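The structure under discussion appears below in the form of structure tokens.
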Protein chains: 2
Amino acid sequence: MNRSASIKDVANHASVAVGTVSNVLNYPDRVSQRTKDRVLKAIDELGFVRNDAARQLRAGHSRTIGLIVLDVGNPFFTSVVRAAEDAAALNGSAVLLGDSGHDAAREANYIDLFQEQRVQGLLISPVGDVTERLDLLRERGVPTVLVDRLADEAKFSSVAVDDDAGGYLAARHLLDTGRRRLAFVGGPTSIRQVADRLQGAQRAVKEEPDATLEVLESQGQTVLAGRSVGDSLVERGGGGLPDGIFCANDLLALGVMQSLTMTHTVRIPEDVALIGYDDIDFAVSAVVPLSSIRQPTEALGRTAIDLLSEEVESQSPTHRSVVFTPELVVRQSTGTSSAG
Amino acid sequence: MNRSASIKDVANHASVAVGTVSNVLNYPDRVSQRTKDRVLKAIDELGFVRNDAARQLRAGHSRTIGLIVLDVGNPFFTSVVRAAEDAAALNGSAVLLGDSGHDAAREANYIDLFQEQRVQGLLISPVGDVTERLDLLRERGVPTVLVDRLADEAKFSSVAVDDDAGGYLAARHLLDTGRRRLAFVGGPTSIRQVADRLQGAQRAVKEEPDATLEVLESQGQTVLAGRSVGDSLVERGGGGLPDGIFCANDLLALGVMQSLTMTHTVRIPEDVALIGYDDIDFAVSAVVPLSSIRQPTEALGRTAIDLLSEEVESQSPTHRSVVFTPELVVRQSTGTSSAG
DNA sequence: TCGTAACAATGAAACGATTCAAAGAATTGC
DNA sequence: GCAATTCTTTGAATCGTTTCATTGTTACGA
């Protein structure tokens, strides 16, 4: 198991100085064709591969960007990640991906790891309220862009979707189709997105004097969590059910849908209208195609990288917040037909 | 923007030698309590964070493992990735994730990137036939484990699921429920998994003299690709339809299902039985809950890391292949009721 | 009090790339 | 043919950590 060739080995093999090899790699124009050929041949013969650690040590920073998301399994984030990777690649950077799983400890681990790696900057969708940790990053001069979270512009740049507006859109739609006893499913409400969507929904409900909004807190944001909320609703039986349900994301909505439709006593949308959030690919292929709120995920990922590049390049610490507006997607799960 | 503190700064600030600071970090037992306290205080005051590039340069290798998957958006891989990350974390390693998107060029980019990073090893779900590139890795002594792909044991370790067996399971199930005019949806067939699943299905069909298997090649493995195949089936109209469809993955199956059920002329499973592959979370919440073939994704990810650790630790280049057996999951989409 | 052992702390060398001032070679103009 | 200029090449210094042989310190038994 021979340790891999270094630039020095290449230099010896080609009978040139190490600086020349470096120039071949970084400033090919400075080197004569003859020498270049010899060096390239040596590189090929020795199977030389640049050692990025050494480069990075010299350069003082890496060519990677850290991205910490709340849940890679969530298609919303998968889509953001993809867009961010593509955008970063255009700048010649690579993305290191971390999945905090809504867990502050895992998040902290990744932050530490990425700092040790001297990433150029950090895109993060933070867990709950982690201002202290983020302030620390700021002090250390690690450019950071918050993703899917509005930030104090004095401190950070951020990209976000207006969750309040999205919540309003969803609830307003339910109200517009004649629903009055609404329920909101989501949790924990310590998650900002959940809280904002709820707030927007409440804003809409207040516009209709005879409408009510019940909050059903879920254990997480998964299909399973939704199913468990749905099961508890089913136990209530017919009369106690809401007639319109707004779920904080599509996974929850799909879970709720499973519970309600499995017992063949509740009909969607006749008895209960259901709307989710995110408009993931699967919304359209649910038992009853799911109405949802669509977020511009590609724009989110791309813009996040752009804002980070701005911060990295400009020395002056000016921050920008970009807020995208979500969009209502109507499908069968909120169909108006209450008379079957 | 002050460059971050180095170990030397810490040493000065605490009035000790650099070696002592290093010892505090790596061998706390070698340092007296008094000194340790002073050093830790200095670290805290200066906000010192280890520079991983320097560590790595000295050590000769990183503490990261490269993982290249064919498609992060695919829940099958998402699940494998998650398991691999968790398993790696137990060994104190981190996973660098790359998404080749079935594109050989992107795959090559990631391989190069990870080599420059001097990853401890590589887990890869290779695109098509890339033996040359992989042979190169082998020559360079980069321990590599193939994921979801059987390998020549003389050359690589690998973890895989027996796709031929899975294809057989799926087709055999369709035949057992009385279907005879089967169709296979998947593509491109240059993807090994697709080819193997098809082969297994063909094996099952040969066991029934009156059964036929038609191959419908799709453009990729997405819901959209499935929908497009489904649309072309719908155009055929009633008589020309197969009575049992086996899709190379669940996304395709969901797409096919969308097409078939949108026109309210074809009933699943009465007219056409449908089975997918992977048993993703959404299979159960489809318009008609989808039968599928379940792969042990967690075991796959975990085992891949274990095999890699074996290779890294043992100097002798012995390889192992672990093959998992998939499992049939029966749901409504292949229900036996042909009489409604 | 001295010798020995155990324990702490030191600091130079090494890892592999990049940089840059300086030296050397080739080319040009006169 | 020579000086001036441009083009190539050189190699030592540097980045921040870990390692390890060495030195310094303390404690203990004789």
Side-chain angles (χ1 to χ4, degrees), chain A residues 2-40 42-43 46-64 92 112-113 115-120 140, chain B residues 2-40 42-43 46-64 92 112-113 115-120 140:
Chain A
N2 41 356
R3 108 186 137 43
S4 50
S6 77
I7 210 172
K8 202 184 237 164
D9 300 325
V10 173
N12 287 338
H13 196 261
S15 310
V16 296
V18 290
T20 303
V21 178
S22 178
N23 281 334
V24 169
L25 295 170
N26 300 297
Y27 306 95
D29 292 347
R30 288 188 192 162
V31 183
S32 74
Q33 191 60 48
R34 268 173 47 98
T35 314
K36 200 159 27 182
D37 289 345
R38 262 217 328 277
V39 170
L40 290 175
I43 286 178
L46 297 178
F48 167 76
V49 176
R50 260 175 161 109
N51 183 326
D52 198 57
R55 285 184 97 180
Q56 190 171 315
L57 175 58
R58 186 72 234 266
H61 62 89
S62 73
R63 277 154 26 269
T64 55
D112 289 349
L113 179 66
Q115 277 201 85
E116 291 189 4
Q117 310 259 19
R118 296 291 190 271
V119 292
Q120 293 184 299
R140 304 250 169 90
Chain B
N2 41 357
R3 113 185 133 40
S4 49
S6 77
I7 213 174
K8 201 183 239 166
D9 299 326
V10 174
N12 287 338
H13 196 261
S15 311
V16 296
V18 289
T20 304
V21 178
S22 177
N23 281 333
V24 169
L25 294 170
N26 300 296
Y27 307 93
D29 292 348
R30 291 189 191 163
V31 183
S32 73
Q33 191 60 48
R34 271 172 46 98
T35 315
K36 200 157 31 182
D37 288 346
R38 263 218 326 280
V39 170
L40 290 175
I43 286 178
L46 297 178
F48 166 77
V49 176
R50 261 173 158 113
N51 183 325
D52 197 57
R55 282 185 98 178
Q56 191 171 314
L57 176 58
R58 185 70 234 265
H61 62 91
S62 73
R63 277 156 27 270
T64 55
D112 289 349
L113 179 67
Q115 277 200 87
E116 291 189 5
Q117 309 260 19
R118 295 292 189 272
V119 293
Q120 293 185 299
R140 302 251 169 87

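Computed from a predicted structure; not experimentally measured. Residue numbers begin at 1 in each chain, while the letters A, B, ... track the order of the sequences.
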Give every donor-acceptor pair under 3.5 Å between a side-chain atom in residues 17-28 of chain B and any protein atom, sequence neighbours left out.
from    : atom 1 : to      : atom 2 : distance (Å)
B:Ser22 : OG     : B:Asn26 : ND2    : 3.3
B:Asn23 : ND2    : B:Gly19 : O      : 3.4
B:Asn26 : OD1    : B:Arg50 : NH2    : 2.7
B:Asn26 : ND2    : B:Ser22 : O      : 3.0

- Item | Residues within residues 29-38 of chain B bordering DNA chain C, heavy-atom distance below 4.0 Å | B:Arg30, B:Val31, B:Ser32, B:Thr35

Any donor and acceptor pair, going by atom type alone, linking the side chain of [X] with main-chain N or O of [Y] inside 3.5 Å?
| X | Y | answer |
| --- | --- | --- |
| A:Arg38 | A:Ala14 | yes |
| B:Asp37 | B:Arg34 | no |
| B:Arg140 | A:Ser4 | no |

- Task: Not counting sequence neighbours, which residues clear side chain to side chain donor-acceptor pair (under 3.5 Å) with B:Glu116? List them please.
- Result: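 None.
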
- Query: Looking at residues at least two apart in the chain, or sitting in another chain, which of them share a side chain to side chain donor-acceptor pair (under 3.5 Å) with B:Ser32?
  - Reply: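 With sequence neighbours excluded, B:Ser32 shows a side chain to side chain donor-acceptor pair (under 3.5 Å) to B:Thr35, given in chain and number order.
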
Please name the pair of heavy atoms, one in [X] and one in [Y], separated by the smallest distance, quoted to 0.1 Å.
| X | Y | value |
| --- | --- | --- |
| A:Leu57 | B:Ala54 | CD1-CB, 3.8 Å |
| A:Phe48 | A:Ile7 | CE1-N, 3.6 Å |
| A:Arg118 | B:Ala5 | NH2-O, 4.4 Å |

- So does A:Thr20 get a side-chain nitrogen or oxygen closer than 4.0 Å to the phosphate oxygens (OP1/OP2) of D:dT9?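 So the side-chain polar atoms of A:Thr20 never come under 4.0 Å of the phosphate oxygens OP1 or OP2 of D:dT9.
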
- Query: What pairs of residues pass the side-chain hydrogen bond (donor to acceptor under 3.5 Å, both in side chains) test when at least one of them lies in residues 51-61 of chain B, not counting sequence neighbours?
  - Reply: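 Every pair satisfying side-chain hydrogen bond (donor to acceptor under 3.5 Å, both in side chains) with a residue in residues 51-61 of chain B: B:Asp52-B:Arg63.
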
- Item | Length of the CG-C1' vector between A:Asp9 and C:dC15, whole Å | 12 Å

- Task: Find the distance A:Asn12:CG to D:dG11:P and express it as a whole number of Å.
- Result: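 Distance check: A:Asn12 CG to D:dG11 P gives 11 Å.
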
- If you pin B:Ala17 and B:Leu57 to their nearest nucleotides in DNA chain C, which one's is more 5'?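 The answer here is B:Ala17.
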
N/O-N/O pairs, protein side and nucleotides 17-19 of chain C side, under 3.5 Å:
from   : atom 1 : to      : atom 2 : distance (Å)
C:dA17 : OP1    : A:Asn51 : N      : 3.3
C:dA17 : OP2    : A:Ile7  : N      : 2.2
C:dT18 : OP1    : A:Asn26 : OD1    : 3.4
C:dT18 : OP1    : A:Asn26 : ND2    : 3.2
C:dT18 : OP1    : A:Arg55 : NE     : 3.0
C:dT18 : OP2    : A:Ser22 : OG     : 3.2
C:dT18 : OP2    : A:Asn26 : ND2    : 3.1
C:dT18 : O2     : A:Arg58 : NH1    : 2.4
C:dT19 : OP2    : A:Tyr27 : OH     : 3.2
C:dT19 : O4'    : A:Arg58 : NH1    : 3.1

- Message: Five pairs per end, C1' atoms only: what is the angle between the end axes of the helix from C:dT1-D:dA30 to C:dC30-D:dG1, to 10 degrees?
- Response: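 Both end axes considered, the difference amounts to 40°.
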
